[in-house]
*Asks:* 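Input: one structure, supplied below.
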Amino acid sequence: MVRVIVCGATGQTGSAITRGLLAEPDVQVVGAVAAHAAPDVGVAVGAEPAGVPLDTDLAAVLARTAADVLVDFTVAPVAERHLRLAVEHGVAPVVGTTGLSRDVLAALEKACRERELGAAVIANFSIGAMLLAQFAALAAELLPDAEIVELHHDRKRDRPSGTALRLGQRLEAVTGRPAPIHSVRLPGLVAHHRVIFGGRGEVLTLSHDSLSRDSFVPGVLVAVRHVRELRGRVVYDLEELVALSARRDEPGRAVPSRRRRG
């Protein structure tokens, strides 16, 4: 049983994550934090009553619970404080909040090394987005000229998206040069990413669309179950946690292990 605190539990993405966590038999939500308090987080996110209050103060929740993992889907200034508090209490962070500064991430890496605590800071927990990054890195080996287009809802605060920035880093590691990123913010969108490669007489477009925020739940579950195995490391790509899950060969999990040939 993994004991979890969810921060940003009633946000648009946080609500989907909270419902997903509450539905898992091996995950116990022991605390929840949001901007406004409520008697029961399950009711607050449209699920069955969970018997867990919704609080506004993470420090108080950490003090009264014996959590293993902190899941954070808030905003960067709030998440920075949450990360410090979680690590101080020996709680492994799983972070979907984007826009964190390099200084904050460097401090997190140092603190995790010192405490031998794992952490996952993932720009996009969707399995499809993870595959997009892998496919794009493969394509860049033969088609190095590429540009990235990211499209999100008009309430998204950071621009470019964390996913697009991470895609750019993955491509630059292959090609040696940065890929331009174009951002679109419009009502009706959720999260959409395109990588367009140009070659002699041809164009290759790789795309991924999150049509609902439920698309992030399977990846978060993988991270929650395996982040503590990282022991002193901070990872930024979901594939590292999926690899841990695959090695465990866990039947019935959100992300099945790869089929073995033979």
Side-chain angles (χ1 to χ4, degrees), residues 12-13 16 73 95-100 102 105 120-223 226 234-247 253-261:
Q12 287 191 308
T13 301
F73 280 83
V95 184
T97 304
T98 57
L100 298 172
R102 291 185 178 182
L105 295 176
V121 182
I122 311 294
N124 193 320
F125 279 95
S126 160
I127 302 302
M130 176 194 77
L131 293 170
L132 172 65
Q134 293 176 332
F135 297 157
L138 179 63
E141 294 180 3
L142 297 177
L143 294 170
D145 296 308
E147 301 202 7
I148 299 168
V149 182
E150 57 96 353
L151 307 91
H152 282 82
H153 54 88
D154 57 342
R155 297 172 303 283
K156 185 169 178 60
R157 300 190 182 190
D158 52 325
R159 178 193 297 249
S161 70
T163 304
L165 291 170
R166 188 60 181 158
L167 274 171
Q169 292 169 356
R170 297 285 293 270
L171 292 177
E172 187 172 0
V174 176
T175 66
R177 60 178 183 269
I181 300 175
H182 310 275
S183 299
V184 176
R185 297 288 178 268
L186 289 172
L189 297 169
V190 180
H192 315 266
H193 293 86
R194 312 280 182 264
V195 186
I196 305 172
F197 297 88
R200 184 172 179 177
E202 62 179 345
V203 171
L204 170 67
T205 302
L206 301 178
S207 66
H208 175 262
D209 300 282
S210 283
L211 304 179
S212 94
R213 290 165 178 83
D214 290 334
S215 64
F216 307 127
V217 173
V220 170
L221 290 172
V222 171
H226 296 285
V234 180
V235 300
Y236 298 95
D237 294 304
L238 182 60
E239 61 202 63
E240 295 195 50
L241 293 158
V242 170
L244 289 174
S245 176
R247 285 199 291 273
R253 291 302 193 190
V255 180
S257 60
R258 298 173 185 171
R259 293 182 179 179
R260 295 178 176 85
R261 297 187 183 187

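Quantities reported herein were computed from a predicted structural model and do not represent experimental measurements.
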*Asks:* I'd like to know whether Asp237 forms a side chain to side chain contact (heavy atoms under 4.5 Å, CB included) with Met130, so could you lay out the CA-CA distance, the side-chain angles of the two residues, the decisive distance to 0.1 Å, and finally the verdict.
*Replies:* CA-CA 8 Å; Asp237 294 304; Met130 176 194 77; over 6 Å; no
*Asks:* Take Arg170 and Gln134 through the side chain to side chain contact (heavy atoms under 4.5 Å, CB included) test and state the conclusion after the steps.
*Replies:* CA-CA 9 Å; Arg170 297 285 293 270; Gln134 293 176 332; 4.2 Å; yes
*Asks:* On a heavy-atom basis, which atom in Val174 and which in Ala137 lie closest, and how many Å separate them?
*Replies:*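 Taking Val174 first and Ala137 second, the nearest heavy atoms are CG2-O, 3.9 Å.
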*Asks:* Does a side-chain heavy-atom distance below 4.5 Å link Ile196 with Val149?
*Replies:*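 Contact flag for Ile196/Val149 side chains = yes.
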*Asks:* Using every non-hydrogen atom in the two residues, find where Leu171 and Ala146 come nearest and quote the distance to one decimal.
*Replies:*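 So the minimum-distance heavy-atom pair works out to CD1-CB, 4.4 Å.
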*Asks:* What pair of heavy atoms forms the shortest contact from Val190 to His152, and how long is it?
*Replies:*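 The answer is O-CD2, 3.4 Å.
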*Asks:* Write down the atom of Val217, the atom of Ala16, and the distance for their closest heavy-atom approach.
*Replies:*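 Distance-wise, the nearest heavy atoms are CG2-O, 3.5 Å.
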*Asks:* Could you tell me whether Arg177 and Asp145 make a salt bridge, using a distance below 4.0 angstrom between a side-chain N and a carboxylate O?
*Replies:*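 Looking at Arg177 and Asp145, the cut-off is met.
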*Asks:* Test side-chain hydrogen bond (donor to acceptor under 3.5 Å, both in side chains) on His193 and Ser161; report intermediate values, then the result.
*Replies:* CA-CA 9 Å; His193 293 86; Ser161 70; 3.0 Å; yes
*Asks:* To check you understand the geometry: which heavy-atom pair defines the closest contact between Thr98 and Gly162, and what is its length?
*Replies:*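 Closest pair (atom of Thr98, atom of Gly162, distance): CG2-CA, 4.0 Å.
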*Asks:* List the steps and the verdict of ring pair (Phe, Tyr, Trp, His ring centres under 6.0 Å) for His153 and His192.
*Replies:* CA-CA 9 Å; His153 54 88; His192 315 266; 9.7 Å; no
*Asks:* Any non-hydrogen side-chain atom of Ile127 less than 4.5 Å from a side-chain atom of Leu238?
*Replies:*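 In short, these two side chains touch, coming nearer than 4.5 Å.
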*Asks:* Quick one: does any side-chain atom of Asp209 pair with a main-chain N or O of Leu211 as donor and acceptor, under 3.5 Å?
*Replies:*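 No: the side chain of Asp209 does not pair with the backbone of Leu211.
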*Asks:* To the nearest 0.5 Å, how far apart are CD1 in Ile148 and CG in Leu167?
*Replies:*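 Here the interatomic distance stands at 5.0 Å.
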*Asks:* Are Asp158 and Arg185 close enough for a salt bridge, meaning some N to O gap below 4.0 Å?
*Replies:*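 Here Asp158 does not pair with Arg185 in a salt bridge, since their nearest N and O are not under 4.0 Å apart.
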*Asks:* Can you give me the closest heavy-atom contact between Phe197 and Ala136, atom names plus distance?
*Replies:*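 Taking every non-hydrogen atom into account, CZ-O, 3.5 Å.
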*Asks:* Does Phe125 form a side chain to side chain contact (heavy atoms under 4.5 Å, CB included) with Val222? I'd like the steps, not just the answer.
*Replies:* CA-CA 9 Å; Phe125 279 95; Val222 171; over 6 Å; no
*Asks:* Determine whether Ile122 and Phe216 make a side-chain contact, defined as any pair of heavy atoms from C-beta on separated by less than 4.5 Å.
*Replies:*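 Ile122 vs Phe216: side chains apart.
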*Asks:* Taking C-beta and beyond as the side chain, do Glu150 and Ile181 meet within less than 4.5 Å on heavy atoms?
*Replies:*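 A side-chain contact exists here, since the closest heavy-atom pair is under 4.5 Å.
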